[in-house]
Amino acid sequence: MAQEIKVPDIGDFDEVEVIEVLVAKGDEVEEEQPLITLESDKATLEVPSSAAGKITEMKVKEGDKVSEGDVIALLEAADAGGDEDGDDDNADAKADESEKEEKAAKQKQDDAAKEREKKQSSSKSSGKDAKSGEKSQKESQPKSAPKKDHGYDCDVLVLGSGPGGYTAAFRAADMGLNVTLVERHSVLGGVCLNIGCIPSKALLHSAKVIEDAADMANHGVSFGKPKIELPKLMEFKQSVIDKLTGGLKSMASKRKVNVVTGTGTFKDEHTLSIEGDSHGDGETSEISFNNCIIAVGSEPVILPDWPEDDRIWDSEAALSPDEIPKSLLVIGGGIIGLELANVYAAHGTDVDIVEMTDTLIPGADRDLVKPLQKRMSSRCGNIWTGTQVTGIKAGKKSLKASFEGKDAPESKDYDRVLAAIGRKPNGKKIGAENVGVKVDERGFITIDKQCRTSVDNIFAIGDVSGEPQLAHRATHQGKVAAECCAGEKAAFDAKVIPSVVYTDPEVAWTGVTETQAKKDGIEYEKGAFPWAASGRALGMGTSEGNTKILFDKDTGRTIGAGAVGPGAGELIAELGLAIEMGCDAHDIGLTIHPHPTLSETVGMAAEAAAGTLTDLYIPKKK
């Protein structure tokens with residue numbers, strides 16, 4: 001009898017188009033061999049065969065729409081044929097044999113479980129000797145085992161579903177582990193996808209379009225003053241978020257990751273207590289795990305002596321305003337503060353920026369920050385560096401901020417105040433220290449190169465595990481932690497982690513900065529290329545950019561790099577790879593970069609260091 005092959009669970013998708021049929025009637029197929037390809041507005045996926053055999057009929061064709069449960073093909077299973085008259089006895093014998101094997105396997109598992117319980121009971125009562133023996137046993141076995149071998153609810157529990165958390169969960173599932181993903185919010189994606197990186201980039205895109213249109217007036221193309229429809233702009237921002245979080249939900253379903261909604265705290269080193277659940281009834285439940293990966297991220301810092309007032313924003317509130325304020329004070333001249341200052345200034349707000357240190361973006365070299373600071377000065381009212389906000393008073397019509405600094409006024413009134421003074425890790429909010437996980441006074445969890453904490457079966461990744469607090473660091477750590485849970489030999493040993501400020505112009509850097517090199521006494525050679533000599537940059541109406549590369553003076557290898565200008569963040573990945581690969585100036589310079597592009601400035605900066613650059617005249621060193 002023919003077997004029906006149906007569309008499996010494909011998440012929230014319905015009426016998905018068949019874009020390719022990969023097999024035909026009469027084809028022999030293997031189990032899990034793809035039969036058709038589906039495409040939605042969020043993903044492309046293949047539907048595999050649930051068994052091996054011969055295709056007797058295809059029920060769909062290209063262009064058809066299908067949903068979960070629809071029959072796409074009929075298949076004659078590989079073991080369906082044979083002698084119908086003479087195989088009954090053989091079938092019965094095989095069934096008896098299979099039943100005996102299943103009983104033997106079950107008995108073996110039961111015996112193993114009893115033996116583990118006996119050992120665990122013994123270890124609890126025998127002190128250090130038992131712990132030593134347990135450690136030896138762990139070292140001789142993989143760090144994680146399939147679920148059937150340990151008796152916990154899941155192989156891996158991931159606490160937090162941001163970029164690090166969902167990456168860890170998906171990687172662990174892809175390696176065959178049983179995974180539970182616990183998230184306190186109703187959607188996956190964490191701060192980055194929902195109230196951080198992604199929505200801010202959507203609004204920065206709007207800001208850049210507004211400013212690019214205005215700049216074109218200098219070149220003969222005028223569009224007029226923009227009309228800001230805030231509800232539609234917020235809808236656009238939310239649509240970007242929904243596409244990404246919807247994709248995560250679908251991928252979790254496909255990987256059979258068990259998603260649980262609730263706030264998790266540790267009960268012991270193998271149990272998480274969860275307040276609230278997917279049904280929203282507020283009850284508390286428990287999930288046991290063999291290994292756990294903590295990915296609980298961080299939250300904005302708000303000074304405790306500030307008044308509680310809805311007009312004092314953190315970054316989340318600034319990304320979902322009820323109106324565009326006439327005036328805004330941004331406290332903090334780092335990445336988050338400058339990006340949001342850029343957004344609001346472009347959309348018509350009078351913006352002031354105050355930074356406690358002597359410069360904007362303290363971690364970047366001054367030559368990279370200078371073009372951005374010049375542009376921000378033209379779009380903002382004031383930028384006060386070396387200045388502190390000494391107090392904020394909430395009035396009926398405005399917020400009065402008081403300042404202490406050489407150039408700042410004594411006080412000034414604002415419609416809104418944005419606090420962008422940093423983020424603090426959530427390590428002290430989950431009870432981790434109560435089960436032996438080392439958490440420092442700031443809330444960071446101490447980890448090793450495997451992302452393992454002081455408790456052997458608990459890992460930590462992302463913002464909660466230290467600096468830099470960047471999503472791309474978290475995703476790579478997530479894969480390392482998941483692979484360690486699966487018993488693989490893995491470690492987080494990245495030489496460099498790039499940083500990008502997504503303002504206009506963008507600022508990006510990676511590896512050793514010039515400031516750091518001078519401070520630490522590192523001798524280096526520098527190659528730099530000004531974008532004023534780039535045809536592509538000039539054609540875009542920008543000439544104040546710059547690309548530079550630092551090379552170790554002794555070895556010639558790349559140790560650091562930076563760029564400022566539109567799209568600088570897209571250039572820094574190549575330079576990070578150059579550092580990881582140990583490239584010298586010739587390796588980069590002899591790599592043919594397309595012309596005319598901004599990426600060409602990377603090759604030319606390397607040529608400048610190698611002494612082979614012809615696009616500028618650089619006198620030879622004597």
Side-chain angles (χ1 to χ4, degrees), residues 200 203-204 206-208 210-211 214 225-226 228 230 300-303 305-364 366 369-423 501-507:
S200 66
L203 298 184
L204 280 163
S206 172
K208 182 163 177 55
I210 291 171
E211 293 192 328
K225 185 178 180 180
I228 310 298
L230 187 59
V301 173
I302 296 291
L303 295 181
D305 55 347
W306 289 0
E308 291 187 11
D309 193 295
D310 290 341
R311 294 170 295 179
I312 299 177
W313 287 346
D314 59 14
S315 56
E316 177 182 356
L319 291 169
S320 298
D322 55 354
E323 64 177 4
I324 297 176
K326 292 181 179 179
S327 61
L328 170 69
L329 172 64
V330 176
I331 305 176
I335 293 176
I336 295 174
L338 291 181
E339 288 182 357
L340 289 171
N342 192 159
V343 167
Y344 277 92
H347 288 84
T349 299
D350 183 10
V351 178
D352 288 345
I353 302 171
V354 59
E355 166 58 38
M356 184 174 64
T357 67
D358 292 333
T359 179
L360 300 180
I361 321 177
R366 297 308 90 213
V369 175
K370 186 177 179 180
L372 171 61
Q373 186 156 352
K374 180 180 178 180
R375 184 67 184 268
M376 292 298 293
S377 295
S378 67
R379 61 166 63 109
C380 295
N382 299 282
I383 298 177
W384 298 305
T385 57
T387 301
Q388 297 185 53
V389 175
T390 57
I392 297 176
K393 292 183 178 180
K396 289 184 178 181
K397 294 184 178 180
S398 62
L399 298 164
K400 183 180 289 293
S402 300
F403 304 97
E404 185 178 288
K406 62 179 182 178
D407 297 322
E410 183 177 338
S411 64
K412 188 174 178 180
D413 291 344
Y414 296 93
D415 291 334
R416 299 289 188 277
V417 170
L418 167 62
I421 54 178
R423 298 185 65 84
V501 187
Y502 295 92
T503 47
D504 182 21
E506 292 183 2
V507 179

To the nearest 0.5 Å, what is the distance between [atom1] on [X] and [atom2] on [Y]?
X      : Y      : atom1 : atom2 : answer
Arg375 : Glu211 : CZ    : CD    : 5.0 Å
Glu323 : Thr349 : CD    : OG1   : 9.5 Å
Leu204 : Thr503 : CG    : OG1   : 8.0 Å

- Query: Is there a donor-acceptor contact under 3.5 Å from the side chain of Asp407 to the main chain of Trp384?
  - Reply: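 It does not hold such a pair.
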- Taking the side chain from Tyr344 and the backbone from Pro325, do they hold a donor-acceptor pair closer than 3.5 Å?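 No.
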- Pairwise side chain to side chain donor-acceptor pair (under 3.5 Å) hits with a residue in residues 308-321, at least two apart: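 Qualifying pairs, neighbours excluded: Lys237-Ser320, Asp309-Arg311.
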- Closest approach of Leu319 to Ser200 (non-hydrogen atoms, all atoms of both residues):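 Closest heavy-atom pair between Leu319 and Ser200: CD2-CA, 3.7 Å.
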- Task: Heavy atoms only: give me the nearest Asp415-Ser327 pair and the separation to one decimal.
- Result: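 What the structure gives for the nearest pair is N-OG, 2.9 Å.
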- Contact check, side chains of Gln373 and Ser377, non-hydrogen atoms, under 4.5 Å: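 Side chain of Gln373 against side chain of Ser377, heavy atoms only: contact under 4.5 Å found.
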- Message: So if I apply the salt bridge (Lys or Arg N to Asp or Glu O under 4.0 Å) rule between Arg416 and each of Asp350, Asp352, Asp322, which one comes out positive?
- Response: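 Considering Asp350, Asp352, Asp322, a salt bridge (Lys or Arg N to Asp or Glu O under 4.0 Å) with Arg416 is found only for Asp322.
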- Task: May I have the step-by-step check of side chain to side chain contact (heavy atoms under 4.5 Å, CB included) for Leu303 and Ile421, ending in yes or no?
- Result: CA-CA 9 Å; Leu303 295 181; Ile421 54 178; 3.8 Å; yes
- Message: My understanding is that only one of Ile353, Val369, Val330 makes a side-chain contact (heavy atoms from CB on, under 4.5 Å) with Leu338; could you say which?
- Response: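 The residue from Ile353, Val369, Val330 that satisfies side-chain contact (heavy atoms from CB on, under 4.5 Å) with Leu338 turns out to be Ile353.
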Ignoring hydrogens and angles, write down the donor-acceptor pairs under 3.5 Å from the side chains of residues 387-405, residues two or more places apart or on other chains.
residue: Thr387; atom: OG1; partner: Thr385; partner atom: O; Å: 3.0
residue: Thr390; atom: OG1; partner: Ser402; partner atom: O; Å: 3.3
residue: Lys400; atom: NZ; partner: Asp413; partner atom: OD1; Å: 3.0

- Item | Which residues share a side chain to side chain contact (heavy atoms under 4.5 Å, CB included) with Glu506, sequence neighbours left out |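 Glu506 satisfies side chain to side chain contact (heavy atoms under 4.5 Å, CB included) with Val500, Tyr502, Ala568 only.
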- Message: Assess whether a salt bridge exists between Lys208 and Asp504, defined as any Lys/Arg side-chain N lying under 4.0 Å from an Asp/Glu carboxylate O.
- Response: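 Salt bridge flag = yes for Asp504 with Lys208.
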